[in-house]
4 protein chains.
Amino acid sequence: MGDVVGKPGVTAVRTLLPKLIARHSVDLVVANAENSEGGAGISPESAEALLASEVNLLTSGNHFWTKKQILPWVQDNPNLLLRPANYPKGAPGKGHTVIQTPDGRKLGVLNLEGRVNMKPLDNPFTVAPELVAELRKQTPCILVDMHCEATSEKNAMGAHLDGKVSAVVGTHTHVQTADERILPGGTAYITDVGMCGPLDSVIGMKKELSIERFITLRHVPYELAKNLVYLQGVIIDMDDKTGKARSIERIREHLPGT
Amino acid sequence: MGDVVGKPGVTAVRTLLPKLIARHSVDLVVANAENSEGGAGISPESAEALLASEVNLLTSGNHFWTKKQILPWVQDNPNLLLRPANYPKGAPGKGHTVIQTPDGRKLGVLNLEGRVNMKPLDNPFTVAPELVAELRKQTPCILVDMHCEATSEKNAMGAHLDGKVSAVVGTHTHVQTADERILPGGTAYITDVGMCGPLDSVIGMKKELSIERFITLRHVPYELAKNLVYLQGVIIDMDDKTGKARSIERIREHLPGT
Amino acid sequence: MGDVVGKPGVTAVRTLLPKLIARHSVDLVVANAENSEGGAGISPESAEALLASEVNLLTSGNHFWTKKQILPWVQDNPNLLLRPANYPKGAPGKGHTVIQTPDGRKLGVLNLEGRVNMKPLDNPFTVAPELVAELRKQTPCILVDMHCEATSEKNAMGAHLDGKVSAVVGTHTHVQTADERILPGGTAYITDVGMCGPLDSVIGMKKELSIERFITLRHVPYELAKNLVYLQGVIIDMDDKTGKARSIERIREHLPGT
Amino acid sequence: MGDVVGKPGVTAVRTLLPKLIARHSVDLVVANAENSEGGAGISPESAEALLASEVNLLTSGNHFWTKKQILPWVQDNPNLLLRPANYPKGAPGKGHTVIQTPDGRKLGVLNLEGRVNMKPLDNPFTVAPELVAELRKQTPCILVDMHCEATSEKNAMGAHLDGKVSAVVGTHTHVQTADERILPGGTAYITDVGMCGPLDSVIGMKKELSIERFITLRHVPYELAKNLVYLQGVIIDMDDKTGKARSIERIREHLPGT
Ligand SMILES: [Fe+2]
Ligand SMILES: [Fe+2]
Ligand SMILES: [Fe+2]
Ligand SMILES: [Fe+2]
Ligand SMILES: [Fe+2]
Ligand SMILES: [Fe+2]
Ligand SMILES: [Fe+2]
Ligand SMILES: [Fe+2]
């Protein structure tokens with residue numbers, strides 16, 4: 001599931017996820033939590049609310065440490081919330097881990113952040129192959145959350161890891177793309193899975209405030225929007241033995257009453 | 001139709017568009033041509049090839065004048081190829097026009113370019129309402145091509161013009177989004193219609209070269225990819241009298257043999 | 001005088017300026033106040049402290065409205081504190097004014113902000129000639145504060161206005177440049193006059209915190225440095241009749257005890 | 001010496017450097033050559049012309065590989081031309097070396113490139129201490145060329161390496177700064193040494209073309225300017241035993257006839 005935005009996003013996950021898991025027999029759930037506290041950043045409370053909603057693992061992105069209270073929490077729980085693996089050495093938390101189903105089937109998860117029009121982190125294109133090789137010692141089933149702005153950088157990471165991981169899914173733009181497919185090497189790919197949050201908005205925030213910002217170029221504080229809340233993400237079916245993806249399906253579920 | 005990328009894109013349009021027009025009883029066709037010559041820029045040849053393919057009007061974006069040979073052509077043909085309306089005063093060409101069906105029903109078209117992580121053009125959020133008001137003197141049916149990078153800027157332009165135009169459709173990222181909808185005020189909206197070009201690529205270009213660029217940070221010249229060529233765009237049904245949109249439907253057509 | 005940085009900068013101005021005025025028979029003093037409140041932004045208090053120090057007019061830049069309390073003050077005092085003239089229409093305050101000596105000799109002042117690696121304001125290269133023409137109706141003596149990052153943009157503005165104004169002086173980088181000169185058309189020019197603030201620092205802020213920021217890429221809150229406080233600026237001699245500059249001299253005065 | 005810009009810059013070095021060496025008893029000369037071929041990039045010819053002018057070592061920056069013909073040359077001559085040390089692994093050439101006087105006194109030289117508003121290279125703040133430690137095994141006398149845009153990044157690198165190297169000198173902005181000094185730990189520092197090239201210009205290029213670019217936002221090809229050619233740089237005196245700097249003096253020499 002893509003970037004969970006504030007209370008509306010958390011509520012959508014808590015309400016809609018259990019039915020989705022049942023309907024599609026989902027084994028494991030990964031959600032990007034970088035906007036879960038107030039629209040920017042993560043708090044222990046927002047992380048725990050999501051983990052209590054049958055989410056197995058949280059990933060993040062450029063808003064990983066926007067709320068500082070998450071830093072001690074992530075040091076205590078490095079295998080519950082990932083930060084992008086290509087953050088500078090010494091950054092709290094870690095960028096990859098392995099989760100498993102009750103019957104012991106494993107999924108490696110790698111979180112990356114892009115650099116086009118973003119921070120000058122370590123190069124995700126050199127970091128990724130090393131960590132994928134490490135994860136493959138434990139399982140061929142690997143999911144990569146590529147958190148970035150540019151479609152070119154996401155396309156390129158998909159191609160770069162095609163055949164080496166089960167899936168490369170993009171997050172960060174908050175808009176779901178319609179290009180989900182299996183790449184030639186057997187890797188499921190989508191440029192962005194879309195946010196869990198209010199669609200009647202500007203990427204989750206109140207439209208009027210964003211428009212004011214674009215007109216005046218002044219810093220206008222954002223507020224969360226409320227209407228048309230959706231859970232968005234993808235369901236990926238992968239072969240436990242080979243790690244190849246069999247299918248990738250987009251999910252868009254409306255939260256009733258919004 | 002979104003950014004037509006090089007020969008593969010032009011071929012897709014020439015081959016697939018006539019059937020689409022017939023199948024959906026399309027009245028008027030607008031295509032973004034900014035990548036039609038070799039993947040970056042427009043030439044008189046690429047413009048004319050598209051216009052010969054039952055395209056009624058071309059729009060463009062940040063690659064408008066990448067190929068200089070288009071400048072005299074656009075000065076002779078300002079109503080066949082738009083450049084973003086918010087370019088500096090004195091720029092060749094124009095940014096809005098009115099096209100019409102054989103039976104005289106009019107469609108105003110406005111081309112804009114965003115500024116987030118792009119050039120510091122005039123503010124599209126102040127330019128747009130003025131030109132929309134001008135177009136509305138002739139017709140309530142208005143299509144806006146918002147060419148830009150950031151999902152926030154496209155979302156905000158949709159909200160800004162909602163109820164004032166028939167449709168705001170995004171271009172530039174080359175990846176089709178899955179968020180097409182009618183906004184509360186009656187405006188059809190999609191963040192990006194996607195390119196007409198090879199999907200087995202990095203936004204139209206050969207994957208290997210793009211990956212090399214991301215790894216080495218060196219300027220590696222791009223080459224067009226060839227496989228999985230698609231025509232991508234949207235079909236919008238609008239009420240001739242009120243200009244309100246009735247529906248917006250995504251189109252993705254595969255070019256056989258690719 | 002260049003960007004006055006926090007209390008150390010204000011103290012340097014209050015302590016050193018009177019002697020400078022006396023020693024060099026200075027007629028009028030203009031200071032950039034954009035960092036005068038706590039290192040980022042302006043408050044009514046910091047503005048008034050500078051104006052009480054024999055400064056005749058304040059200019060500003062990208063930090064003009066970082067502290068919101070300045071907005072009502074500037075609306076009451078639009079001729080005491082300028083904001084860049086190329087801000088969006090409707091922005092509070094104004095970007096040019098005329099000040100005068102006790103004996104009635106006038107100096108027009110124009111404040112601009114650049115756009116390279118900064119906000120997409122209106123184009124200063126088209127705004128400037130219009131406002132210069134307006135000011136020239138009152139006086140040929142005109143000072144331009146070009147607040148921006150790139151040396152290319154400052155060089156180009158100097159060349160653009162050469163012969164039309166008495167001086168183009170740059171601010172914003174907080175580092176004084178050694179390229180002061182009279183341009184061929186008679187305009188005094190310097191790329192940056194340098195800040196009024198602590199030199200034993202990273203552009204005014206504590207070195208350790210800035211280094212930590214560059215190493216970790218985390219947001220580390222800045223604190224003002226204290227040591228080696230200097231007043232920096234230029235003294236320009238201009239011909240009252242023609243507005244041509246006769247000389248430009250760099251000033252660097254150390255605040256004793258720092 | 002700072003960025004040598006095209007033929008005018010090379011001529012200034014060839015003409016003026018021998019007298020400077022004699023007058024100031026200079027032991028070793030380092031020049032940034034990144035703009036020596038036509039204003040952008042380096043060619044074997046421009047590199048060899050500078051090395052024939054009593055320059056001992058060339059450094060570079062973001063234009064290191066703008067002219068591709070330099071790549072085989074630098075692989076043959078890795079100790080004559082440095083590229084920034086924090087380029088991606090596998091980049092041709094190297095980023096640090098040791099040069100020496102005829103009587104065997106050694107100078108370590110480290111070339112770095114910043115990242116603020118530049119490419120996302122490896123972090124110079126983590127790369128630098130490692131390479132400085134390596135150079136210190138051979139000599140305590142170390143010169144760092146910090147090639148970057150932002151004054152904050154250069155200030156911070158000076159503070160970061162203060163006491164560990166003999167000098168941190170900035171290049172890239174093409175404008176000499178007036179802030180040369182010995183930092184508290186004994187390191188000579190200047191934010192930018194300035195270019196060797198025509199000052200009656202926009203950072204070396206013809207003023208009219210640059211102004212046109214800022215007004216129209218179109219790509220206007222640059223041409224080299226010709227007037228007021230200067231050699232700019234600094235002379236640093238360092239203690240051979242401790243590596244501490246004794247003095248840093250700015251140099252600005254006019255090329256007669258320009
Ligand atoms: Fe997000
Ligand atoms: Fe994000
Ligand atoms: Fe495009
Ligand atoms: Fe584009
Ligand atoms: Fe400042
Ligand atoms: Fe500033
Ligand atoms: Fe450079
Ligand atoms: Fe340079």
Side-chain angles (χ1 to χ4, degrees), chain A residues 114-118 123-126 129 149-162 170 172-181 183-184 190-195 199-217 222 225 227-228 230 232 250 252, chain B residues 114-118 123-126 129 149-162 170 172-181 183-184 190-195 199-217 222 225 227-228 230 232 250 252:
Chain A
R115 309 198 297 175
V116 175
N117 296 324
M118 301 183 82
N123 193 336
F125 287 84
T126 54
E149 180 75 25
T151 49
S152 59
E153 199 169 12
K154 283 163 164 170
N155 274 195
M157 185 58 79
H160 190 42
L161 299 182
D162 184 22
H172 175 73
T173 72
H174 291 202
V175 173
Q176 193 177 67
T177 58
D179 64 339
E180 75 282 4
R181 64 190 185 273
L183 300 177
I190 186 168
T191 294
D192 205 297
V193 296
M195 68 173 165
L199 251 70
D200 185 26
S201 72
V202 172
I203 61 168
M205 304 298 151
K206 278 196 184 160
K207 298 180 284 190
E208 298 73 19
L209 300 174
S210 176
I211 292 170
E212 189 186 338
R213 202 166 180 163
F214 279 113
I215 291 175
T216 66
L217 302 184
Y222 285 142
N227 296 329
L228 285 184
Y230 276 78
Q232 295 186 96
R250 274 189 289 118
R252 291 183 84 207
Chain B
R115 310 197 296 175
V116 176
N117 296 323
M118 301 183 81
N123 193 338
F125 287 84
T126 53
E149 179 75 24
T151 50
S152 59
E153 199 169 13
K154 285 163 164 171
N155 273 196
M157 185 59 79
H160 191 43
L161 299 181
D162 184 23
H172 176 71
T173 72
H174 292 203
V175 173
Q176 193 178 67
T177 57
D179 64 338
E180 76 282 4
R181 64 188 185 274
L183 300 177
I190 186 169
T191 294
D192 205 295
V193 297
M195 68 173 164
L199 252 69
D200 185 27
S201 71
V202 172
I203 60 166
M205 304 299 152
K206 279 196 184 160
K207 299 180 285 189
E208 298 72 20
L209 300 174
S210 176
I211 292 169
E212 189 187 339
R213 202 165 178 164
F214 279 111
I215 291 174
T216 65
L217 303 183
Y222 284 142
N227 295 329
L228 285 184
Y230 277 78
Q232 296 185 96
R250 274 190 288 119
R252 290 183 83 207

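To find a chain, count down the sequence lines: A is the first, B the second, and so on, and within it residues start at 1.
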Query raised in the report: Do Ser210(A) and Asn155(B) come close enough that some side-chain heavy atom pair is under 4.5 Å?
Result: no

Report task. Could you grab the distance from atom NZ of Lys207(B) to atom CG of Asp162(A), nearest 0.5 Å is fine? Result -> 6.5 Å

Query - Per-residue contact mode, Glu153(B) against chain A (heavy atom under 4.5 angstrom) - result: both

Query raised in the report: Should Arg115(B) and Leu217(A) count as side-chain neighbours, where that means a heavy-atom distance under 4.5 Å?
Result: yes

Query - Residue among Asp200(B), Thr177(B), Leu183(B) with most heavy-atom pairs under 4.5 Å to chain A - result: Thr177(B)

Requested in this report: Keeping the roles fixed (side chain from Thr173(A), backbone from Thr151(B)), state whether a donor-acceptor pair exists under 3.5 Å.
Outcome: no

Report summary line: Interatomic distance, CD1@Ile203(B) vs NZ@Lys154(A), rounded to 0.5 Å, equals 13.0 Å

Requested in this report: Please identify each residue that fulfils side-chain contact (heavy atoms from CB on, under 4.5 Å) with Pro129(B), with sequence neighbours left out.
Outcome: His160(B)

**Report entry** CE on Met118(A) to CG on Asn117(B), rounded to 0.5 Å
**Finding:** 10.0 Å

Requested in this report: Go through Asn227(B), Leu199(B), Val116(B) and name the one with the most non-hydrogen pairs under 4.5 angstrom from chain A.
Outcome: Leu199(B)

Query raised in the report: Can you tell me how far CG of Leu228(B) sits from CZ of Arg181(A), rounded to the nearest 0.5 angstrom?
Result: 7.0 Å

Query raised in the report: Quick one: ring-ring contact (aromatic ring centres under 6.0 Å, His included) partners of Phe214(B), sequence neighbours excluded?
Result: Phe125(A)

Report task. Would you mind checking which part of Thr126(B) comes under 4.5 Å of any heavy atom in chain A, side chain (CB onward), backbone (N, CA, C, O), both or neither? Result -> side chain

**Report entry** Ala156(A) to Ile211(B) - nearest heavy-atom pair and separation
**Finding:** O-CG1, 3.8 Å

Query raised in the report: Between Gln232(A) and Asp179(B), is any pair of side-chain heavy atoms under 4.5 Å apart?
Result: no

Report summary line: For Val202(B) and Ser152(A) the tightest heavy-atom approach is CG1-O, 3.4 Å

Query - Part of Arg252(A) within contact of chain B (heavy atom distance under 4.5 Å) - result: side chain

Requested in this report: Measure Pro124(A) against the heavy atoms of chain B and call it side chain, backbone, both or neither at under 4.5 Å.
Outcome: neither

